[in-house]
Amino acid sequence: MSSPLTREGLLQAYRTMRTIRDFEERVHVDFATGEIPGFVHLYAGEEASATGICMHLNRDDYIASTHRGHGHCIAKGVDPVGMMAEIWGKRTGTCKGKGGSMHIADLEVGMLGANGIVGGGGPLICGTALASKIRGSNNVGVCFFGDGASNQGTIFEAMNLAAVWKLPVLFVGENNGYAEATSSNFSVACENIADRASAFGMPGVIVDGFDFFAVHEAAGEAIKRAREGGGPTLLEVKLSRYYGHFEGDQQTYRAPGEVQHLRDTKDCLMQFAKRVTSRGELTMADIEAIDREVKAMIDASVVKAKADPVPLPEDLMADIYVSY
Amino acid sequence: MSSPLTREGLLQAYRTMRTIRDFEERVHVDFATGEIPGFVHLYAGEEASATGICMHLNRDDYIASTHRGHGHCIAKGVDPVGMMAEIWGKRTGTCKGKGGSMHIADLEVGMLGANGIVGGGGPLICGTALASKIRGSNNVGVCFFGDGASNQGTIFEAMNLAAVWKLPVLFVGENNGYAEATSSNFSVACENIADRASAFGMPGVIVDGFDFFAVHEAAGEAIKRAREGGGPTLLEVKLSRYYGHFEGDQQTYRAPGEVQHLRDTKDCLMQFAKRVTSRGELTMADIEAIDREVKAMIDASVVKAKADPVPLPEDLMADIYVSY
Amino acid sequence: MARKITYQQAINEALDQEMTRDPSVIVMGEDVAGGAGAPGEEDSWGGVLGVTKGLFAKHPGRVLDTPISESGYVGAAVGAACNGLRPVAELMFIDFMGVCFDQIFNQAAKFRYMFGGKAKTPVVIRAMYGAGFRAAAQHSQCLYNIFTHIPGLKVVIPSNPYDAKGLLIQSIRDNDPVIFLEHKALYTMEGDVPEESYVVPFGEAAVVHEGDDVTIVAFGRMVNYAKDVAGTLRKKGVQCDVIDPRTTSPMDFDTILESVERTGRLVVVDESHPRCSMASDVSGFIAQEAFGALKAPIQMVTAPHSPVPFAAVLEDLYIPSPARIEEAVMRVKEYK
Amino acid sequence: MARKITYQQAINEALDQEMTRDPSVIVMGEDVAGGAGAPGEEDSWGGVLGVTKGLFAKHPGRVLDTPISESGYVGAAVGAACNGLRPVAELMFIDFMGVCFDQIFNQAAKFRYMFGGKAKTPVVIRAMYGAGFRAAAQHSQCLYNIFTHIPGLKVVIPSNPYDAKGLLIQSIRDNDPVIFLEHKALYTMEGDVPEESYVVPFGEAAVVHEGDDVTIVAFGRMVNYAKDVAGTLRKKGVQCDVIDPRTTSPMDFDTILESVERTGRLVVVDESHPRCSMASDVSGFIAQEAFGALKAPIQMVTAPHSPVPFAAVLEDLYIPSPARIEEAVMRVKEYK
Ligand SMILES: Cc1ncc(C[n+]2csc(CCOP(=O)(O)OP(=O)(O)O)c2C)c(N)n1
Ligand SMILES: Cc1ncc(C[n+]2csc(CCOP(=O)(O)OP(=O)(O)O)c2C)c(N)n1
Ligand SMILES: [Mg+2]
Ligand SMILES: [Mg+2]
């Protein structure tokens, strides 16, 4: 299979995936020390999904994300430095420290928010897509949701609404096999999430979420169709999360060695690097340069986040309304 | 196709359908005089569905109904005399005049209520079925819902839940082509409601709702499977309502002559009578005897309803809680 | 200003004028475009009671029928508001909020705050509320107190055609999420309504009757009852201020405070159930802020702590009556 | 009575004892059975914070994991209650009520009334509420006022382990729908809890501190703050009654009335937003029923009209503090 990506594209893809990975690994470490407050859900392991999809998007396209939103944010172009400050609860954060990990949003880059409510993003993305359509632009909306969320009424309603209104939406069911501790084999009554597409008269596609190129290609087709007025698609991405549901989760519900095995054999960054270097599309030097660059950036983001000021008392009552 | 019904069964089927029809036609007439208060949604035209399905049910099986609930109530064994009084707002009504047309319920005969909330019954019926299952009885639950309701998140969630928990439930999508004034061709993104069954790993069956025998047979199979532990089924019944969405609706959204044509060519009572008499299963005398008997009963129910007392002031604060 | 139209027509006119003025205004809801896909007449319905009738033809492509998926389309309205539109979503009966409340109170209401001031969510959710139609427990509730509780929402309850038009135009132009509640029993109420466009600002109560003996604060349909009672009592020598807050969030507590400081006596009339209601909200506020001025116990006239009954005789008992309002006013007036 | 266990253990014990006593009691919710279908350990989780851990093995077939379909399973609990079970459904965070409110307030709450007294719906909906976990705007709300408003529901807010156990047992045995709210910051609170089964009746407030100068009514976690403040103030010569209503519906207004008639001064402490809150509910009631006894303005100490912020420094400002409670008590105490 030939890759439609340029060298720049490949570098960008790797940089994005590496940034997500390092961001999450670092949050994992810092959470353990007790310095990061609240509930934090890490995206490590799933990088190929957000990256392969969001590479097709412009600034004016929107995504709606989930509680596990850091990866989607970074892939859509939210500044990781601001994100880190947000997660640390600082005034310099993307949301001035008022949202935290579960509510990072940056409408300026088309990121409509992580969401503390499972399935909350489905209806919302129909709205951004409707606005794009009514304005006559060719922008699209992408809704990320998990296997657990695929059983939430809001997601079903959103799929039907998007189909009825022929909206330019891509529904991305990130099936990592678990909703908290509950298996998707239990909670999803049909075989695959993608099987639900036919209930809404839209195409359903399954893709290997460890394979950046597969995700990229499948998403590209669906997004192209959406931009051209062909309506919504349901894309199921099969993948795995490397950490617990949230930080602190002991994960005793998982099979022993489950994650290590995936890390060793299927990791998306590893596969990507192997493929592009073996084909001579990028060199190990390219890869390592990015690794260094990203590591430095993430380290710096934490140094900055730690040093940054916390919100001011007057922030408590600010920005509740535009006017009141 | 041979009918598994005895003479007694055929008489009962016809009596039930005739009772529903006459009940609704009479409410239609009395509503027009302004004597009946509130919102009233008539089931006339759809009789074969409620009847063909509920004939398979016992007293301890439950049904959950809709705003268009009179037919389901009568088919499940709620007393039409009490229902008429309820619709007239009388203290002798099934719900003591406190529920009205949209909330007739009689738990003693397994009727869990009409419902003013579209899609409200889906989750509820999962609950009655769960209770049956946990108790180890072989009782089932039947959820009636419309084509419009088939787009409501609660119905999707209920179908998934019933499948996940392998509950003895029959989901009956009564597709009469409209939700209020909106066509199901518009609102349901796939071809048939039954196509949605595969999204929940259950069988989906389509049946002609003007044909009592077809409904009866299809429902029989599904209910048998449910009783035997085979889990839920989605049955789509294609039918039509003869009156407006609610009483007062001018129905200008319908094609001219649409209803008259169906009444003339497909009416479920007409088809039923033709079939059983032509086969010699019942005689015209049998049919006419029921017609007379039902007419007298409905007439009497209205005479009684009109004469019955209205609720007492103290009823306002009665039965809010079991104890408070 | 001599033209008289109904509350329902005033709402239709506000929508029409705003859609004409601003192409980013869209309307969506069940049957608001008259029934999509149906074979008969176009724009047959215009919403369940015909309030949006005629908009579909005048504003092609901007009046959208929806499936019965309230979470879906109310959430879509919220999302569209984040992407530059000013959607007006019709939630038929406010009683249906239970199937879509999350999109309203956890999403729309909180975006601006959670996102550090970077979001703007100019969405209007219109719905009918209130008892009196023999529509029973699931189609007759008020529920405005629930929305009033939620920071980030604005809540509007017009009591007459003039306010309905001006407040709806303001709601559409407003940059925050607005819950706009229409009492179904007021749709046929007639009143003077200017033809041209105008706004009634939020957070400014109307004093619809003046007097120095007793302050009556009433909401929505109850304003009209209170005004009638005040008229009757004037003839009996009791002078009442009747205050219509018009919006419960923001709420013009200043006007109430000023009045109670003058009268020392307060009656609050609210069609809701009593617990944690607007009646208790106003009473609690005054008991905290104007205690020194109070000369009598505050009286709350509300519906009872019961679901709305179907039978006419019970529903009529359920709804606060002019007689009960008058009685409450006399009770505080005569309190020594 | 010497055994100390935590609030969380008390809840687990109540569930366990009732499930043992009555086979019609079942428990359902997300991960309450530990994570169905997963390949690892059985009963791994026991609900998101482990409250139901261990029940799965002890009560086979009666502790059920659910898909993330709150309308679906909460409604199923309601339906099962109509068919003879006594389900306890766990709605993880009360903030999620927005995706399933209809099944609670239009279905469960209204059945008995709408059906003319023929239904009985003994369902319990358990959920966490409250701020303090840095869980931000969508996982930190109180919302009990919303449920309190709805006729047909009962609402329970235990402030300590003893009450948590006794009230939960009562909730399960009760024949009406009950919203049972657990403050997440109280899960680790220890207290004396009898091993045997017992009930704390609904509608009976606890007076957790006694004094004749000022009445403090507080809810949930705030009861503990108020008690501490009362302890401090006692040393400073100010004597407070601290009343914990324990259930807000039914609500023991009598105990509050009796206290205010004695003290003439009232402070209400409520972790909710202020509008249409329990704070305003109690204040409004007293301003109507005990006006003659009041010697000072009622003071409401609540969270502000803002979503719950994430940053610790802001969340700490958001939550009513002992300092603010003390200040309010002193204000009413010193009022002339
Ligand atoms: C409406 C709602 N229900 C439940 C939760 C609690 N919750 C948060 S994440 C989660 C699991 C989500 O699983 P999935 O959709 O598969 O996403 P994943 O965590 O695997 O990325 C649950 C149950 C919630 N936040 N919102
Ligand atoms: C949650 C909710 N949304 C909307 C309505 C208003 N409503 C009542 S009946 C109805 C149409 C239902 O259509 P369908 O499900 O096809 O049933 P039918 O009336 O055709 O029998 C609508 C929109 C409602 N009662 N509840
Ligand atoms: Mg998952
Ligand atoms: Mg229909």
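Predicted, not measured: the structure shown is a model, and the values here were computed from it. Note on naming: letters A, B, ... go to the chains in the order of the sequence lines (proteins, then strands), and numbering restarts at 1 for each one.
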* Taking all non-hydrogen atoms of both residues, which atom of C/Asn83 and which atom of A/Ser132 are closest, and how far apart? -> ND2-OG, 3.5 Å
* Nearest atoms (heavy-atom pairs only) where A/Leu161 meets C/Ala76 -> CD2-CB, 4.0 Å
As an exercise, state the distance from [atom1] of [X] to [atom2] of [Y], rounded to the nearest 0.5 Å.
X: C/Gln107; Y: A/Thr154; atom1: CD; atom2: OG1; answer: 9.0 Å
X: C/Asn106; Y: A/His103; atom1: CG; atom2: NE2; answer: 8.0 Å
X: C/Leu85; Y: A/Arg135; atom1: CG; atom2: CZ; answer: 6.0 Å
X: C/Tyr113; Y: A/Ile320; atom1: OH; atom2: CD1; answer: 6.0 Å
X: C/Phe115; Y: A/Met111; atom1: CZ; atom2: CE; answer: 7.5 Å
X: C/Met114; Y: A/Cys95; atom1: CE; atom2: SG; answer: 8.5 Å

Would you mind checking which part of [X] comes under 4.5 Å of any heavy atom in chain C, side chain (CB onward), backbone (N, CA, C, O), both or neither?
X: A/Asp60; result: neither
X: A/Tyr62; result: side chain
X: A/Ala318; result: backbone
X: A/Ile134; result: side chain
X: A/Arg91; result: neither

Does any non-hydrogen side-chain atom of [Y] lie less than 4.5 Å from one of [X]?
X: A/Pro123; Y: C/Val78; result: no
X: C/Pro67; Y: A/Asn160; result: yes
X: C/Phe111; Y: A/Leu124; result: yes
X: C/Lys120; Y: A/Leu107; result: no
X: C/Ser249; Y: A/Tyr321; result: yes
X: A/Thr94; Y: C/Lys118; result: yes

Out of [options], which one racks up the most heavy-atom pairs below 4.5 Å with chain A?
options: C/Pro250, C/Gly117, C/Pro23; result: C/Pro250
options: C/Ala108, C/Ala77, C/Gly116, C/Gly203; result: C/Gly116
options: C/Ile68, C/Thr66, C/Ile26, C/Leu64; result: C/Leu64

Please classify the contact of [X] with chain A as side chain, backbone, both or neither, using a heavy-atom distance under 4.5 Å.
X: C/Lys110; result: neither
X: C/Tyr73; result: both
X: C/Asp102; result: side chain
X: C/Thr121; result: neither

[X] atom [atom1], neighbour heavy-atom count above 12 within 6.0 Å:
X: A/Glu35; atom1: CD; answer: yes
X: C/Lys53; atom1: NZ; answer: yes
X: A/Glu108; atom1: CD; answer: no

* Does NZ or CZ of C/Lys154 fall inside the cone over A/Tyr324's six-membered ring, less than 6.0 Å from its centre and within 45° of the axis? -> no
* Asked: Looking at A/Gly120, A/Ser323, A/Ala158, A/Gly119, which has the largest count of heavy-atom pairs under 4.5 Å with chain C?
  -> A/Ser323
* Taking C/Asn175 for the side chain and A/Val322 for the main chain, is one N or O donor matched with an acceptor at less than 3.5 Å? -> no
